[in-house]
Amino acid sequence: MIQEALAEIARGTAEIIDTERIEKLLRGYFEEGKIYQVKVGFDPTAADLHLGHTVLLQKLATLQRYGAHVQLLIGDFTAMIGDPTGKSETRKRLDRHTVLEHAKSYQEQVFKILDITKTEVVFNSKWLEALGVDGLVGLTTLFSVARMLERDDFDKRYKAGQNISISEFLYPLLQGYDSVELKSDMEIGGTDQKFNLLMGRHLQRAYGVGKEQAILMMPILEGLDGVQKMSKSLGNFVGITEPANTIYAKILSISDELMWRYYELLSKRSLDEIAHLQKSVSDGSFHPKTAKENLALEIVTRFYNEESAKIAKEEFDNVFKANQLPSDIKEYEIETDCWICKALVDAELELSTSQARRDIQQGAVRIDQVKISDDQMKLCDGEYTLQVGKRKFAKVKVR
RNA sequence: GGUGAGUUACUCAAGCGGCCAAAGAGGGCAGACUGUAAAUCUGCUGGUUUAUACCUUCGAAGGUUCGAAUCCUUCACCCACCA
């Protein structure tokens, strides 16, 4: 029983630190019904969750089935410093109102996956504000600069002669201190958070919390481009609140190679089943497109339902296989005798008339499914369907 | 505090008085081919009612010049080294 649970928990993880401890927590649950605290941190700056977040969330949901109580930590205090992982720009401090709003929006999304009765939302400003300069200085004595510089990204930047600010040293310390306050038994995060996660362990020891959190690291999900990590700012994401049709279409646009990665990290199918599927595709007995469709259907179903997923697929096939128009196209009203380039801009299909002109010259623009080549034409009264490229549509009423 | 280097379009990065809306790469968009996949090939990639044209852009503001991303001055920011 415990071993089974452990195997399920370990599935897809990149690294686990202190498996013995996790085993102990599970034993406590199975034998005595003891629950334990699992910490996960979120930045309150981005309120839209995407598939990358769900890798963590799904793992948490699994843990919740085995006795975990989730501490969903909103890093409202640390967010203003900015995580040094990645680019560092001085961030604006968010006001209380905005933070609460983001947190609320998080909860709406998070509980599509997590069990609300086993989750608690906490804000680290609560204790970090109270920490004071005194406490902060105390905290900084517990870790050395040399060890801080061991951290991979600091090391690289230091050697490359790039700037590292003191506040960036504070970030992992404060995040680790959260684990002290929360007395977490386990923390889950992406592999890029390894240093920060370990800091929690280190500080729990230093502060004599009486336990050291186990660490569960999940791989970072690549974005739609298959190279960089999925993030909203890079625009390579699939948001979990996006329309079913969009989610479906985005999944279908990923490369075959990336599809297996998504299967591994997002699908609920067993690893054996996925391996089998992969084999069938590589020996040609199963079409990769079908495999991708199944994946897309599974993911859409998770956030909506089977019916919506089916409709999304039909819509997709209609538009891209049969070259028909999508069923819901935005409508715009345009004045008569409108220059085509201007109309394209007004219908929000193009950003500028110059761009519109270029696209027309390249044969990317269609009116009522017919390709046009004259960038000087005007639209007279009537209703038209404008299309730019393969996926941008708009209906216009000209009068 | 001293010395030196730097700030160019979405990103990196060339340019060092006119041929600069600004090389090149990446990214993005579009076309061909497809499974709206990848790979590949091609075109485009500041704006403007139609442009061997004009306008805005090369950290900011001034100046020199017929003419400046390029030279000078001041300011801001950033980095390294020395203290």
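Per chain, numbering begins at 1; letters A, B, ... match sequence-line order.
Between E315(A) and S327(A), the side chains place a donor N or O and an acceptor N or O closer than 3.5 Å (distance only, hydrogens not considered). Side-chain polar atoms of K39(A) and S179(A) form a donor-acceptor pair below 3.5 angstrom. Side chains of D375(A) and Q361(A): a donor on one and an acceptor on the other come within 3.5 Å. For the 3.5 Å distance criterion, the side chains of Q369(A) and R366(A) fail to qualify, holding no donor opposite an acceptor. When only modelled atom types and interatomic distance are considered, Q109(A) and S105(A) share a side-chain donor-acceptor pair under 3.5 Å. When only modelled atom types and interatomic distance are considered, T78(A) and N124(A) share a side-chain donor-acceptor pair under 3.5 Å. No donor-acceptor contact under 3.5 angstrom links the side chains of Q362(A) and R357(A), judged on distance only. Using modelled atom types, one finds a donor on one side chain and an acceptor on the other under 3.5 Å when comparing D115(A) with T117(A). Side chains of E273(A) and S267(A): a donor-acceptor N/O pair is absent below 3.5 angstrom, by distance only.
For C29(B), neither phosphate oxygen OP1 nor OP2 lies less than 4.0 angstrom from any side-chain nitrogen or oxygen of R357(A).
Each of M259(A) and V388(A) was matched to the nucleotide of RNA chain B holding its nearest heavy atom; the match closer to the 5' end belongs to V388(A). Residue whose closest nucleotide on RNA chain B sits further toward the 5' end, between R366(A) and E257(A): R366(A).
Under a 4.0 Å N-O distance rule, the pair E335(A)/R399(A) does not qualify as a salt bridge.
The 12-atom threshold is exceeded at CG of D283(A), counting heavy atoms of other residues, nucleotides or ligands nearer than 6.0 Å.
The partner of C79(B) is G4(B), by the rule that a Watson-Crick or G-U pair needs both atom distances under 3.5 Å. Nucleotide C10(B) forms a Watson-Crick or G-U wobble pair with G26(B), both donor-acceptor distances falling under 3.5 Å. The partner of C71(B), taking Watson-Crick or G-U wobble pairs whose two distances both stay under 3.5 Å, is G63(B).
Contacts with RNA chain B (heavy atom under 4.0 Å) in residues 328-337 of chain A: none are found. Sorted by residue number, the members of residues 341-356 of chain A with any non-hydrogen atom under 4.0 Å from RNA chain B read S352(A), T353(A), S354(A). Interface residues of residues 281-288 of chain A facing RNA chain B, ordered by number: H287(A), P288(A); criterion, heavy-atom separation under 4.0 Å. Listed in residue order, the members of residues 238-255 of chain A having a heavy atom less than 4.0 Å from RNA chain B are A249(A), S253(A), I254(A), S255(A).
Remark: C1' of A30(B) and CD1 of I372(A) are 14 Å apart, rounded to the nearest angstrom. In this structure, E222(A) places its CD atom 16 Å from P of A38(B), rounding to the nearest Å. Atoms CD (Q387(A)) and P (A30(B)) sit 11 Å apart, rounded to a whole Å. We find that NZ of K392(A) is positioned 14 Å from P of G28(B), with the value rounded to whole Å. The distance between atom NZ of K390(A) and atom C1' of G31(B), rounded to the nearest whole Å, is 8 Å. Whole-Å rounding puts the F393(A) CZ to U36(B) P distance at 13 Å. Protein atom NZ of K292(A) is 10 Å distant from nucleotide atom P of U36(B), rounded to whole Å. Note: CG (D256(A)) to P (U36(B)) measures 12 Å, nearest angstrom.
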N/O donor to acceptor pairs below 3.5 angstrom from side-chain atoms of residues 24-37 of chain A, sequence neighbours left out:
unit_1, atom_1, unit_2, atom_2, d
Y36(A), OH, Y66(A), O, 2.8
Q37(A), OE1, H69(A), ND1, 2.9
Q37(A), OE1, Q71(A), NE2, 3.4

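Cation-pi geometry between K126(A) and F77(A) is not met at under 6.0 angstrom from the ring centre and within 45 degrees of the axis.
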**Q.** Full working for salt bridge (charged side-chain N to carboxylate O under 4.0 Å, His left out) between E187(A) and R201(A)
**A.** CA-CA 9 Å; E187(A) 178 162 4; R201(A) 242 171 110 79; over 6 Å; no
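For W339(A), counting side-chain heavy atoms from C-beta on, the closest listed nucleotide (U49(B), U36(B), A32(B)) is U49(B).
Summarising the geometry of Y263(A) relative to L295(A), their closest heavy-atom pair is OH-N, 3.6 Å, with the distance given to 0.1 Å. When all heavy atoms are compared, the tightest approach of L63(A) to V38(A) is CD1-CG1, 4.2 Å.
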Dump the pairs, protein N or O against N or O of nucleotides 40-43 of chain B, anything under 3.5 Å, distances to one decimal.
unit_1, atom_1, unit_2, atom_2, d
G43(B), N2, Q362(A), OE1, 3.3
G43(B), N2, Q362(A), NE2, 3.2
G43(B), N3, Q362(A), OE1, 2.8

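In summary, the aromatic rings of F169(A) and F143(A) are positioned with their centroids too far apart to meet the 6.0 Å limit.
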